[in-house]
Amino acid sequence: MLQLILTMALYLLMVIPAGNYLYHIAAGKHTFADPVFDRVDGFLYRLCGVDPQRPMNWRQYALTLLGANASMMLLGYLVLRLQAVPLLNPNGVGAMGRSLSLNTIISFMTNTNLQHYAGETGLSYLSQMLVITFMMFVSAGSGYAACMAFIRGLAGQTGENVGSFYADLIRITTRVLLPFSMLGGLVLVWQGVPQTLSGNVVVDTIEGARQVIAMGPVASLEIIKHIGTNGGGFLGANSATPIENPTILTNLIELYAMMLLPGACVITFGKMVRSRKGRGLTARCFGMEGRTVFAAMGILFVIGLALCFWAESKGNPLLASAGLSQSMGSMEGKEVRFGIAQSAMFTTATTSFTTGSVNNMHDTLTPLGGLVPLLHMMLNVVFGGKGVGLMNMIVYAILAVFLCGLMIGRTPEYLGKKIEGREMKLTALCIIIHPLLILAFTAVAVGTSGGLAGVSNPGFHGLSQILYEYASSAANNGSGFEGLADNSLFWNLTTGAAMFLGRYVSIFLQLAIAGSLMKKPFVSDSAGSLHTDTPAFPIILVAVVYIFAALTFFPVLALGPIAEHLTLFA
């Protein structure tokens with residue numbers, strides 16, 4: 001328990017200055033790094049032939065984002081199909097198949113990083129760097145850019161300018177993602193993570209056998225996969241292997257790297273809204289609105305962490321009845337160097353911050369322990385990736401003020417703008433699309449031979465495997481219950497569709513909400529206004545999130561992890 005408390009306390013100390021720095025970047029304010037990076041940015045603008053000062057409305061911003069991402073998908077797909085060429089391919093890896101290439105390129109461009117292949121045998125070094133690592137930067141930057149445009153729409157005055165996608169993408173890359181990755185990558189190399197272009201190493205083990213140890217540019221990929229909340233591992237076993245995550249220090253670096261910027265986006269939101277509203281400094285670090293959202297996300301995270309830690313600490317009753325000690329908890333699929341506490345923390349964080357990186361095998365979690373990452377991907381509001389969780393939580397905040405407004409008979413307001421029919425229709429669509437993708441694709445999978453062919457466990461856990469795969473895809477998380485045999489035409493195409501729709505449909509709808517609110521005039525505050533910056537509102541927000549989750553997901557959860565838990569402990 002002390003490990004968990006100290007880990008979270010240190011995170012709070014780091015996220016505040018990171019949020020302040022991110023706010024200065026988003027708002028175009030001066031930072032200490034401007035003398036260097038302004039020149040770098042200017043060169044990139046000239047090289048790409050773009051005007052960073054050209055204003056964009058929400059439609060132009062969304063279409064530019066989609067067009068840029070689509071062009072990179074096409075180039076990445078070609079590299080994967082041609083990776084058999086002897087260029088940075090010392091291990092002789094062959095070309096990736098068509099359906100797997102399509103799934104992979106969608107996965108990494110949508111910041112999902114769902115892997116239906118093992119990285120050490122499925123990709124050349126050229127693909128690892130030119131496709132995987134590159135798209136980890138671009139997909140993270142695209143998500144951040146969409147979030148900043150969304151915040152500007154909520155916090156802006158009347159008008160249509162939500163900023164420039166090119167400026168947002170380049171500024172977050174040059175000022176945050178690249179320098180943070182360089183520093184973090186050097187620390188990982190210091191701790192023993194490989195960074196080399198030499199081929200795999202064959203060694204003699206102490207048992208007299210011969211073992212192939214994967215090598216390559218691991219550290220550079222490892223750090224951006226966490227800072228960018230990407231999650232795709234250089235190796236199939238991801239951060240559970242000592243090659244990617246050798247020590248407790250690297251484990252903490254990777255944990256904080258995936259948690260830092262999503263939390264900082266919430267603080268940035270609070271500061272930008274506070275600046276617009278012209279309030280006094282009533283909340284020194286977060287801003288009142290930012291503090292409200294951060295508190296709601298924090299409550300959801302702590303509840304999930306407590307349940308996961310408790311469930312894994314209880315152990316497996318079947319093993320206990322067989323005479324095997326469970327004093328350490330359920331250690332199946334976990335690394336001894338991390339134990340229950342850091343495994344539960346990593347599991348909860350990677351699915352709350354939509355990273356998808358794993359330091360233990362989620363398929364071997366206890367039923368309730370596995371319920372937590374599954375539920376957090378279904379909620380998709382617990383911090384999320386680069387701004388994704390914030391955007392989704394704001395949508396729930398709009399729903400919450402609408403419901404509360406109905407109760408007191410007033411037109412709902414949020415951030416000084418009236419919430420009317422158009423905003424509520426867009427909000428309803430945005431909230432419904434996520435469970436629709438998860439449940440519809442799950443239904444197709446359990447009703448077809450192609451879907452059932454990949455299930456490796458019968459009964460309740462088999463349903464959990466399918467449900468987890470589509471929840472991970474729709475939430476753009478990327479982790480999986482790896483007992484599922486998912487490298488098939490059916491799984492590659494259906495998860496690819498879930499990832500694509502889960503990413504871009506949500507972004508379009510959320511930017512449309514921001515664009516609609518941006519045009520509206522501010523309304524004056526009155527005694528009947530529902531204040532969203534009070535201590536009560538986070539509780540209301542958490543209740544709305546859980547109620548909606550129960551209405552949409554409880555039946556299928558009851559057939560999966562809950563039924564498995566009741567059977568196991570019966």
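In what follows, residues are counted from 1 in the order of the sequence shown. No hydrogens, no waters, no symmetry mates; every other heavy atom, side chains included, goes into these values.
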Quiz item: Atom CG in N380, atom OG1 in T351: separation rounded to 0.5 Å?
Solution: 10.5 Å
Quiz item: Are T229 and L261 side-chain neighbours, meaning at least one heavy-atom pair lies under 4.5 Å?
Solution: no
Exercise. Quick one: pull up CE in M297 and OG1 in T292 and give me the separation to the nearest 0.5 Å.
Key: 11.5 Å
Quiz item: When you measure from the side chain of T350 to the backbone N and O of V358, does any donor-acceptor pair fall under 3.5 Å?
Solution: no
Quiz item: Are R291 and D533 close enough for a salt bridge, meaning some N to O gap below 4.0 Å?
Solution: no
Quiz prompt | side chain to side chain contact (heavy atoms under 4.5 Å, CB included) between I547 and V544, intermediate numbers included | solution = CA-CA 5 Å; I547 290 172; V544 169; 5.8 Å; no
Quiz prompt | N/O donor-acceptor pair under 3.5 Å between S139 side chain and T110 backbone | solution = no
Practice problem: Can you label the angle between the F383 ring and the F353 ring as parallel, tilted or perpendicular, going by 30° and 60°? | Solution: parallel
Quiz item: Counting only N and O atoms by type, is there a donor-acceptor contact under 3.5 Å from the side chain of Q342 to the main-chain atoms of G339?
Solution: no
Exercise. For the pair K417 and E423, find out whether any cationic side-chain nitrogen is under 4.0 Å from an anionic carboxylate oxygen.
Key: no
Quiz prompt | Side-chain donor/acceptor of R152 to backbone N/O of A26, under 3.5 Å | solution = yes
Quiz item: Sequence neighbours excluded, which residues qualify as side-chain hydrogen bond (donor to acceptor under 3.5 Å, both in side chains) partners of T354?
Solution: none
Quiz item: If every non-hydrogen atom of N238 is compared with every non-hydrogen atom of G233, which pair is closest and at what distance?
Solution: ND2-N, 3.2 Å
Self-check item: Side-chain touch F108/N230, heavy atoms, less than 4.5 angstrom
Solution: no
Practice problem: Tell me, with the steps shown, if R422 and L517 meet side chain to side chain contact (heavy atoms under 4.5 Å, CB included). | Solution: CA-CA 10 Å; R422 174 177 170 80; L517 290 175; over 6 Å; no
Quiz item: Is there a side-chain contact between F269 and C147, using heavy atoms and a 4.5 Å cut-off?
Solution: no
Quiz item: Which heavy-atom pair separates P179 from F37 by the least distance, and what is that distance?
Solution: CG-CZ, 4.3 Å
Quiz item: If you measure from CG on N69 to CZ on F500, what distance do you get to the nearest 0.5 Å?
Solution: 9.0 Å
Quiz item: For atom OH of Y546, is the number of surrounding heavy atoms from other residues, nucleotides or ligands below 6.0 Å larger than 12?
Solution: yes
Quiz item: Does one side chain, of S479 or Y468, offer a donor that lies under 3.5 Å from an acceptor on the other?
Solution: yes
Quiz item: Any donor and acceptor pair, going by atom type alone, linking the side chain of Y21 with main-chain N or O of T31 inside 3.5 Å?
Solution: no
Quiz prompt | Between N359 and E244, a side-chain donor and acceptor under 3.5 Å | solution = no
Quiz prompt | Min side-chain heavy-atom separation I431-F548 under 4.5 Å | solution = yes
Exercise. Check whether any side-chain heavy atom of S164 sits under 4.5 Å from a side-chain heavy atom of R54, and report yes or no.
Key: no
Exercise. Give, for atom CZ of F481 and atom CG of L374, the distance between the pair rounded to the nearest 0.5 Å.
Key: 6.5 Å
Quiz prompt | Electrostatic pair R337-E335, nearest N-O below 4.0 angstrom | solution = yes
Quiz item: Hey, is the main chain of N111 close enough, under 3.5 Å, to the side chain of R503 for a donor-acceptor pair?
Solution: no
Quiz prompt | Rounded distance (nearest 0.5 Å) linking atom NE2 of H226 with atom CG of L260 | solution = 13.5 Å
Practice problem: Kindly assign one of parallel, tilted or perpendicular to the pair Y11 and Y256, based on the angle between their ring planes and the thresholds 30° and 60°. | Solution: parallel
Exercise. Would you check if the side chain of S516 reaches a backbone N or O of I513 as a donor-acceptor pair within less than 3.5 Å?
Key: no
Quiz item: Would you say N161's side chain and P55's backbone share a donor-acceptor pair under 3.5 angstrom?
Solution: no
Quiz prompt | Y166 side chain to T64 backbone, donor-acceptor under 3.5 Å | solution = no
Quiz item: Of the non-hydrogen atoms in G185 and A219, which two are nearest, and what is the gap between them?
Solution: O-CB, 4.0 Å
Practice problem: Say whether T247 and Q191, considering side chains only, have a donor N or O and an acceptor N or O under 3.5 Å apart. | Solution: yes
Exercise. Quick one: do E222 and N245 satisfy side chain to side chain donor-acceptor pair (under 3.5 Å)? Show the steps, please.
Key: CA-CA 9 Å; E222 191 70 18; N245 189 10; over 6 Å; no
Quiz prompt | Nearest atoms (heavy-atom pairs only) where D34 meets K29 | solution = OD2-O, 3.8 Å
Quiz item: Any side-chain heavy atom of M259 sitting closer than 4.5 Å to one from V15?
Solution: no
Exercise. Check the pair V176 / Y144 against side chain to side chain contact (heavy atoms under 4.5 Å, CB included), numbers first and verdict last.
Key: CA-CA 11 Å; V176 178; Y144 162 86; over 6 Å; no
Quiz prompt | M518 vs W58, side chain to side chain contact (heavy atoms under 4.5 Å, CB included): CA-CA, chis, key distance, verdict | solution = CA-CA 10 Å; M518 195 173 192; W58 75 266; over 6 Å; no
Self-check item: Minimum heavy-atom distance between L541 and A296, given as atom pair plus value
Solution: CD2-CB, 3.8 Å
Quiz prompt | N477 CG to M499 CE distance, which is reported to the nearest 0.5 Å | solution = 11.5 Å
Quiz item: Can you name the closest pair of heavy atoms from I227 and S181 and give their distance?
Solution: CD1-N, 3.7 Å
Quiz item: Any donor-acceptor pair under 3.5 Å linking the side chain of K418 with the backbone of V523?
Solution: no
Quiz item: Hey, are the side chains of E312 and K334 touching, using non-hydrogen atoms and a 4.5 Å cut-off?
Solution: yes
Quiz item: Quick one: do the S506 and H434 side chains pair a donor with an acceptor below 3.5 Å?
Solution: no
Quiz prompt | Flag side-chain contact, heavy atom, 4.5 Å: F294 against P538 | solution = no
